[in-house]
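As the structure is a prediction and not an experimental result, all values here were calculated from the model. In what follows, every chain begins at residue 1, and chains take the letters A, B, ... in the order their sequences are listed.
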Amino acid sequence: MNKQYHPADIEQRIQQFWRDEKTFEVDETPGADAYYCLTMFPYPSGKLHMGHVRVFTISDVVARYQRMQGKHVLQPMGWDAFGMPAENAAIKNKVPPAEWTYQNIDYMRGQMDALGLGYDWRREVTTCRPEYYRWEQWLFTKLFEKGLVYRKNSVVNWDPVDNTVLANEQVIDGRGWRSGALVERREIPQWFMKITDYADELLAELDNLDGWPTPVKTMQRNWIGRSEGLEIDFAVDGDYAAELAETDGVLRVFTTRPDTLFGVTYMAVAAEHPLAARAAEGDPELTAFVKSCKQTSAAEADIETREKLGMPLGINAIHPLTGQPVPIWVANFVLMSYGTGALMAVPGHDERDHEFAKKYGLPIRQVIAGATDDPIDIDAAPIIEKNTTIDSGEFSGLSFDEAFEKIADTLTLDDRATRQVNYRLRDWGVSRQRYWGTPIPIIYCDDCGAVPVPEADLPVVLPEDVTVSGTGSPLKDMPEFVNAACPSCGKPARRETDTFDTFVESSWYFARYASPDANEAMLDERAAYWLPVDQYIGGVEHAILHLLYARFFQKLLRDLGLSAASEPFTNLLTQGMVLKDGRKMSKSEGNTVDPQGMIEEFGADTVRLFMMFTAPPEQALEWSDDGVGGAFRFLRRLWRIVNEHIESGITASADFSDLTRADKDLRRKTHETIAKVSDDVGRRYTFNTAIAGVMELLNQVTSTNVDSAAGQRVRQEALETAVLLLSPIVPHITHELWHALGHDNAIVDERWPSVDAEALVRDEIEIVVQVNGKLRARLQMPADAEKAALESAALTEENVKSFIADKPVRKIIVVPGRLVNIVV
RNA sequence: GCCCGGGUGGCGGAAUUGGUAGACGCUGCGGACUUAAAAUCCGUUUUCCGAAAGGAAGUGAGGGUUCAAGUCCCUCCCCGGGCACCA
């Protein structure tokens, strides 16, 4: 064994050993204790960034730890290969997106290998390959048959100069990123998946996801946003039957607060609402206002944070209970995509309605009592609480529930209202007006309408040899792609040129790893062996969208009989970002650190160790060059300590009799460390404290003098333990050290060490003495000391006595094994 | 604006169930070894008072609950993530 630690000499050799031995290739062995560990697959953007390194390392540590528990571990890897960056690169470099993407994949795969990540590469999945996306197209046609997809108009960001649809990301301060033109919201027909059909199940099953972080479940719950309320019809004064055709000629609104119905003083509709368009006809001022409302991006954050503006339409609704006219306004904060695109405004009892009413001098009416008898100034602030109703005619003096029920009963009796469960969750718009994505398998026929492509004609292959211009999809200019025969009647028809949202690919890839080469079906019986994923690991930024869509897809797969599982991921770990100087590492910030350079300078183990030691996985990680140096020094020190130990002779004996006090202390530390690290890695996923624990053990090894054969055996045990405990994190150096310590087996095939309870026994423990909660003394006491003994020992301490002085002792609290608190 | 996190020494962080605040590491400072440097090792490193023993203060701010609060409750400030076409 080399006396110096040179990672470059060992890492590639050991990686080759794993390849030769097919160490990480797993099959569907019957009866094995299967464990599926999965990382969110990366977008092949060019080369790995530190965020990738972090999440892959976490996952690899979990996989290797589970393997040492005797589990049959699957850890696959693949590529979320469709997306906008490939199109942008294509425009910039004049390289087709496919070529750019495949080159990136090859490079990044090599980087993953250099990090020592244990993947079963036979299962690699690449979403831009027809053999992958054909099954997605197939699924879509099945959903079409089941009525779970439909087409409707919806809002996009339109760049009027480039004549193209922009992603929210491509809208900077309300302007197109290339043209600089003011972006408009525009409605175009798009395909939707009925995720709202599964809203209740997606919500209810969150309660069973014990292995998910609570914040993620809370966010999903709020995102789904189930609310029970009333859909109330307001008649409209005048003839607007055409504009209100979808709602039977009335202005329909949803409210969770029907108890405030008597407080309605105006109505508000979205800029896209047909009533607004009708009122704007021949009214230049209103036309200009409606247009300006649409001149903001479609992003909800932009709509919600801009100044609240509105204008009256000059149309009145009729209050369903009082018969009074209520003016209808158009307002820029009403979302057409939520509810019916219209709302009843109750400024007395809603924050936003109140602010808007104050601004435009609209009346504010109090119909809910204050919580106390104090006088109320409803003009100053709304009352949001669900208190007793007042000034509401026959519905006055009622609690929220009573008022809700009585008003609901009254209005539903003659069909002027419906009890309704509403969701904030909207159906998933999957159409994208882009080239580099999965073609939506639909053919439009003048006679038959939208017809799904028959299974025999799948996949609809995306042509890869294209030139991307940046204005619209190149597919539109390819007659050989667009022109197709109608599958239904055979007449000439047009193929859909929109592609799927890339979230569609990432919503089922986890299942495809189980049967990546299945040619006859989307999934086969191997999926049943592996699914659901035992541990899923990825960025917290995916807490809502990706994870909700994946849960939705798992339910679709279940309902198509392709998988028995209802939920895709049993346990979820959301990892924080990698920062430098407190900011996200990114090209635009100019603060990236290239993992490749770090691997070459220090080796993969150092990079892995640093990533795992510097912060717990869920937290943001601050990059530090000095910290990397520290990680490297620790490995060098480990190498040297083991080297010095084996020079003085190794031993395989398990005889731990005749130990000195120091030997016993070290042996106890060894087993305390096994217990701590097992808990940290296996349950808490706090790899940083696990590493700190092993560091402490090594500190004690070096501070313990060994002058006997028994002491030598204790040190051998301590070092073997340290090496085993670190092996999931730094697999190369520990592979080498394990052999050096006298073992023939590869450490990757070893079992996790177990605690010897006998070694943990202490005869003396430290007890802390407090006076009035402040630390005043420490006592060394027998571990089995009685409460009374602790009290009397505490009371005789000099420093304790001086703080008690002549004050009477009121109470003594004893926490066994920890402290005594004397209250005076 | 709405939803979810976070805020602890010079820095990253630890404190797992309300029970010793600062484990472990980095940096800095002092020292040993060396012709020298690198590497390594030893000591020290929350602030203030003190020669020391020890004491006082201290976990974003303010209030509260408790024998005891970084941890629980209320109000507020700041930072990060998400907001449906970034992935």
Does [X] have a side-chain nitrogen or oxygen under 4.0 Å from the phosphate oxygens OP1 or OP2 of [N]?
X	N	answer
A/Q619	B/G13	yes
A/T218	B/C4	no
A/R640	B/C41	yes

Would you measure the distance from the [atom1] atom in [N] across to the matching atom in [M] and give it in whole Å?
N	M	atom1	value
B/U47	B/G12	P	16 Å
B/C26	B/U44	C1'	15 Å
B/G1	B/C11	P	30 Å
B/A32	B/A38	C1'	16 Å
B/C42	B/C48	C1'	28 Å
B/G9	B/A15	C1'	15 Å
B/G43	B/G55	C1'	25 Å
B/G25	B/A14	P	15 Å

Counting only Watson-Crick or G-U wobble pairs whose two distances fall under 3.5 Å, which nucleotide matches [N]?
N	result
B/C26	B/G10
B/C83	B/G1
B/A38	none
B/U75	B/A61
B/U20	none

Distance-only donor-acceptor test (3.5 Å): side chain [X], base [N]:
X	N	value
A/R818	B/U20	no
A/R637	B/U40	no
A/K774	B/U20	no

* Where each residue is assigned the nucleotide of RNA chain B containing its nearest heavy atom, which of A/L579 and A/T305 is assigned the position nearer the 5′ end? ->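 On the 5' side of the pair lies A/T305.
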* Using the closest heavy atom to pick a nucleotide of RNA chain B for each, name whichever of A/A615 or A/E696 lands nearer the 5' end. =>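 Its nearest nucleotide being more 5', the pick is A/A615.
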Can you identify which nucleotide, out of [options], has its nearest atom closest to the [X] side chain?
X	options	answer
A/N222	B/C4, B/A15, B/A84	B/C4
A/N688	B/G13, B/A87, B/C41	B/G13
A/F803	B/A23, B/U20, B/G55	B/G55
A/M84	B/C86, B/U16, B/G5	B/C86
A/A301	B/A15, B/U20, B/C83	B/C83
A/N821	B/C67, B/G82, B/C41	B/C67
A/R633	B/G55, B/C86, B/U27	B/U27
A/E541	B/C3, B/A87, B/A23	B/A87
A/P616	B/U40, B/U27, B/A14	B/A14
A/M219	B/G5, B/C86, B/C3	B/C3

* About how many Å separate OG1 of A/T127 and CZ of A/F500, when rounded to the nearest 0.5 Å? ->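 It comes to 13.0 Å.
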* Asked: When rounded to the nearest 0.5 angstrom, what distance separates CE in A/M336 from OG in A/S154?
  ->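 Separation between the atoms: 11.5 Å.
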Sub-3.5 Å donor-acceptor pair from the side chain of [X] to the main-chain atoms of [Y], do we have one?
X	Y	result
A/W79	A/N104	no
A/E87	A/Y435	yes
A/N799	A/A777	no
A/R54	A/G576	yes
A/N332	A/K308	no

* Asked: For B/G43, does the glycosidic angle fall within 90° of 0 (syn) or outside that (anti)?
  ->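 Here the answer is anti: the torsion falls beyond 90° from 0.
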* **Length of the line joining A/Q4:CD and B/A38:P, which is rounded to integer Å** =>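 For the pair A/Q4 CD and B/A38 P, the rounded distance is 16 Å.
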